[in-house]
Amino acid sequence: MLDLRKVNEIFARQVPLKSVNAWIRLRGAVRAERTDEGGDTVLAQTQTGVGGLASIPALLHRNATEFGNAPAYREKEYGIWQSWTWAEAEKEIEALALGLVNMGVAEGDFIAIIGRNRPYLYWSIVAAQCVGAIPVPLYQDASAEEMAYVLGHCGARFVIVADQEQVDKVIEVQDQLHQFEHMIYLDPRGLRKYDHTQLHQYSHVQAQGRAAYDEHIKELTRRREKLTYDTTCVMLYTSGTTGKPKGVVLSNRNVIETAKSSAEFDKLGPNEEILAYLPMAWVGDFIFSIGQAYWCGFCVNCPESPDTMMTDLREIGPTYYFAPPRVFETQLTNIMIRMEDASPFKKRMFDYFMAHARRVGPDILDGHSVDFMDRLKYALGELVTYGPLKNTLGFSNVRVGYTAGEAIGPEIFDFYRSLGINLKQLYGQTEATVFITAQPDGEVRSDTVGVPSPGVELRIADNGEVFYRSPGVFVEYYKNAESTADTKDAEGWVATGDAGFIEEGTGHLRIIDRAKDVGKMADGRLFAPKYVENKLKFFPNILEAVVFGNAKTECTAFINIDLTAVGNWAERNNIAYSSYQELAGHPQVMDTIQSHVEEVNASVAEDEMLSGCQVHRFVVLHKELDADDGELTRTRKVRRRIIEEKYADIINALYDGSDKVSTKTEVTYEDGRKGFISATLEIRTAGTNAMRAQMAAE
Amino acid sequence: MLDQTEDGYITVDGRKIGGVVMEMKNITLRFGGVVAIKDISFDIREGEIRAIIGPNGAGKSSMLNVISGFYNPQEGEVWYHGKPRPRMKPFQVAQQGIARTFQNIALFEGMSVLDNVMTGRLNKMDGSLWKQAIWKGAAEREEVENREKAEQIIDFLEIQAIRKTPVSRLPYGLKKRVELARALVAEPKLLLLDEPMAGMNVEEKEDMSRFILDVNDEFGTTIALIEHDMGVVMDLSDRVVVMDYGKKIGDGTPDEVRNNQEVIDAYLGVAHD
């Protein structure tokens, strides 16, 4: 009775939306969409960045004028993709900018923006730039205290937030913020009873802006025209593995030059589709969803909610996609779990064709010569396995895919490449406006991070630390001249804090570890924890690992199991467990982890330089390391110092030879309350290998 | 006692509560020789969150079933909007703008979340079989309108990610939320919740509490709920009726009820004479 007609959304696009089972609101007719964009690729590449295109608002105006009817933003809401053209986006942004002028935003003010990826918040960023203010996007999952620091540090007078949750956090710390004046919120839900003297609804601000058009448009135009290549484009706070976050100031020059050269590097045009789902406070999202999107004029798609991201990805079918290694890992784990449950026929077909793809897939992708029969078989595999799989994952249209932030497991990397997905690695940081190195098409490997991006110079210091210089190099750390001077020297060279080397022959950069984490063991051998941790984390059963051993005689490790993978294994083997803690301490789980550790030890022993880093003793932790407990950064990087302090008792036990340790750990629940969990953990000793050189000598 | 007039009262958090929507007048309900409810009277006012609490077997669910029209009391009357309510079939009660959820979830397990939610719109669909068969025109418009309402509720309760998932595959806490969605999509004036938090963990309870408050705030829905978890009840409700052995032993704000000696005795298990 309730079977709905499946109505395809009428986007006249070159690549139709995949499986859009969305329904259409018949009354709110579909907006006019782009018809043909044949000639615009040239346009994006011939513009030089100077001559009126010195700011994001200027690029917005160009896009709205030259391809005003092309979609600029889409967001799925109420089950369908709502879209805005460039011309419409410009109007929305202008209304908001006028509203901001109306509310008294002055040039040079800081405006904080907090929330998940939504078109309205991207408009807030650009509207802030239009009025000469500096947008400061914040991580939406930051705690109130973390926000208090950032808001206080930049002295934000205005805050634009998504919903009640964020409003509550800002109100909680309001008393500490002397410069804070007004807050604008997007979703009015639950906010009706709040005191509205400092609180304003986004749509009302826009409405007031539209109403005061005549009064303020001159002022707005004047401010917009004042923006130059050296005006601050955005300020982004680094998540900070140590100490307080630092505000990285990026100019229009940084952002536009980087967007321009990286778009040329990967031949990005106005017909790209991207899904904006990574935190808005992260430099990558800023460059992809604003820098490159405005430079090239392509469409930014926002998911319906964080939970629907995978469905939305499949519906949009992005052509240009970025994800941290973790996302690829999770997806691969899910595929493997589902294949375990598939029918024997499907499973055999999958195994057969995947084996073939592993053999020839990457070569075909890189354009190397491949035997005709192998190509034929690969084409058949594409038809029955790779194609459907890519469609399920939402990767059918991916032309350029990037991963960065952490090392990616070679098997994971090769899996995606063998399917024919052009997944590449890049290396970058906030201070470089993302791009330092990237892998060109056809030169992709899992163990390097590529060659210097256009315009970037590289230098390796004597201690192995990587330095770079480029047009993307940040202006300064806000109100922190000391750190600026520490990081960037007078000639513009910036220290990355990572140790690495340039591979001879190929010119590719390889990163070993954080320079400050690379240490010496008691006997003088090199200690590179991340190198070992990454190898451990490549096992699907291991979610997180922390290796200790600086100035010690041997290395030890903390290990977190991956609940999805291990839980599924437990289910298949009829192993009952009632909690994460119980599963983590299960003897069979311990055995599996031990075998993984021993495999890693064998592989580490092969490298003469790093053979001292073999893990002698390890413990499987009773709780997941969590950003809420301060153990990880918001970008899920391990905070060693904090972990060392918090778990000092367990670390001691790892070194004093005992075979178990009782511990009590403080945990923070989702709502901010704290509690304790106590556990007795078993300590295992893993087999290690003597160094190859020694073995040969004996 | 709250400052109660004919026109209502102002709650602790400053919400304005209106006049009486529903009034129980000396309700007695028997099952054979068992007296489930004995001479109970209380009222429910417009816009308030009204809780009915009590120990096991106190007659809470029977009371909710009287309100929802599923049971007809042997004595006493239910007044709705200033008129005594005649005996009714449950669907007639639903047409009066009363919707409910159940203690033991009652969803269509094989159907998707969306389809389950759409069934809540049944009362708003009046297209004849003939119109449905022709489809074009009236029936299609109606479907689109109903879908739009359903999507708004799905968005409101943040269940977009499971829109197409069969209900049987969902965990308990989400099923409860889907049931709430189905009740809400009927745009009820009075919403009855039978143990909305039963069997939930702390986080799920918090989510559910937030949704209940938001429903009340956003749609102005009057809510009557039965709940075991005292903490939740005291936080959520504006006024509480306490029942024990089918009798009303307390009625008032959470604070008044909390300090009522008879209520304390009932919960701590003082021997009855």
Side-chain angles (χ1 to χ4, degrees), chain A residues 1-7 19-29 75-82 116 118 162-165 168 187-196 277 302-315 578-579 628 667-675, chain B residues 11 13-16 108 111-112 114-122 125 127 129 132 135-137 139-165 174 201-207 209-211 213-220:
Chain A
M1 178 180 68
L2 292 164
D3 185 28
L4 276 171
R5 296 178 319 145
K6 304 205 166 174
V7 190
S19 66
V20 178
N21 41 21
W23 57 293
I24 284 192
R25 261 195 288 196
L26 295 173
R27 286 164 304 166
E75 183 186 36
K76 197 171 180 188
E77 204 180 14
Y78 303 129
I80 54 169
W81 288 97
Q82 321 272 351
R116 71 178 172 87
R118 299 198 64 184
D163 53 16
Q164 186 188 15
E165 187 188 343
D168 285 345
D187 184 357
R189 175 171 165 195
L191 290 168
R192 191 157 305 164
K193 286 176 288 183
Y194 284 53
D195 174 13
H196 271 63
Y277 70 100
C302 298
E304 185 171 22
S305 79
D307 305 331
T308 57
M309 186 263 177
M310 285 300 163
T311 323
D312 298 336
L313 184 71
R314 200 162 78 221
E315 289 179 5
S578 58
S579 65
D628 285 340
V667 289
T668 312
Y669 296 112
E670 220 175 54
D671 61 358
R673 280 185 305 199
K674 292 187 192 292
Chain B
T11 61
D13 58 348
R15 279 162 37 245
K16 196 171 160 358
F108 302 101
M111 280 161 44
S112 72
L114 179 65
D115 288 345
N116 266 288
V117 174
M118 288 289 278
T119 57
R121 293 296 288 179
L122 197 60
M125 297 190 197
L129 186 65
Q132 293 283 350
W135 182 250
K136 272 282 161 218
E140 188 181 25
R141 248 190 331 269
E142 191 179 86
E143 182 84 359
V144 168
E145 268 165 35
N146 288 321
R147 175 72 187 266
E148 196 171 332
K149 185 67 200 168
E151 286 290 346
Q152 280 167 10
I153 298 296
I154 286 173
D155 184 71
F156 187 84
L157 294 178
E158 296 166 11
I159 47 176
Q160 303 100 325
I162 53 165
R163 189 184 281 130
K164 298 283 161 96
T165 315
L174 277 179
N201 66 29
V202 178
E203 267 170 30
E204 287 170 334
K205 278 183 186 172
E206 278 182 1
D207 281 348
S209 305
R210 190 165 57 86
F211 287 128
L213 288 172
D214 282 352
V215 166
N216 178 256
D217 184 46
E218 196 79 5
F219 307 124

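Letters A, B, ... mirror the listed sequences (proteins, then strands); counts begin at 1.
- A salt bridge links Glu158(B) to Arg210(B): one of the charged nitrogens lies within less than 4.0 Å of a carboxylate oxygen.
- Residues satisfying the ring pair (Phe, Tyr, Trp, His ring centres under 6.0 Å) test with Phe211(B), not counting sequence neighbours, are none.
- Taking Arg116(A) as the reference, nothing meets the salt bridge (Lys or Arg N to Asp or Glu O under 4.0 Å) condition, with sequence neighbours excluded.
- In this structure, chain A has heavy atoms under 4.5 Å from both the backbone and the side chain of Asp155(B).
- Within the 4.5 angstrom heavy-atom criterion, only side-chain atoms of Ser305(A), from C-beta onward, approach chain B.
- Cation-pi contact between Lys76(A) and Tyr277(A): absent, since separation from the ring centre below 6.0 Å together with deviation from the ring axis within 45° is not met.
- Only the side chain of Glu203(B) comes within contact range of chain A, with at least one heavy atom under 4.5 Å from a heavy atom of that chain.
- For the set Met309(A), Lys193(A), Met310(A), the entry with the most heavy-atom pairs within less than 4.5 Å of chain B is Lys193(A).
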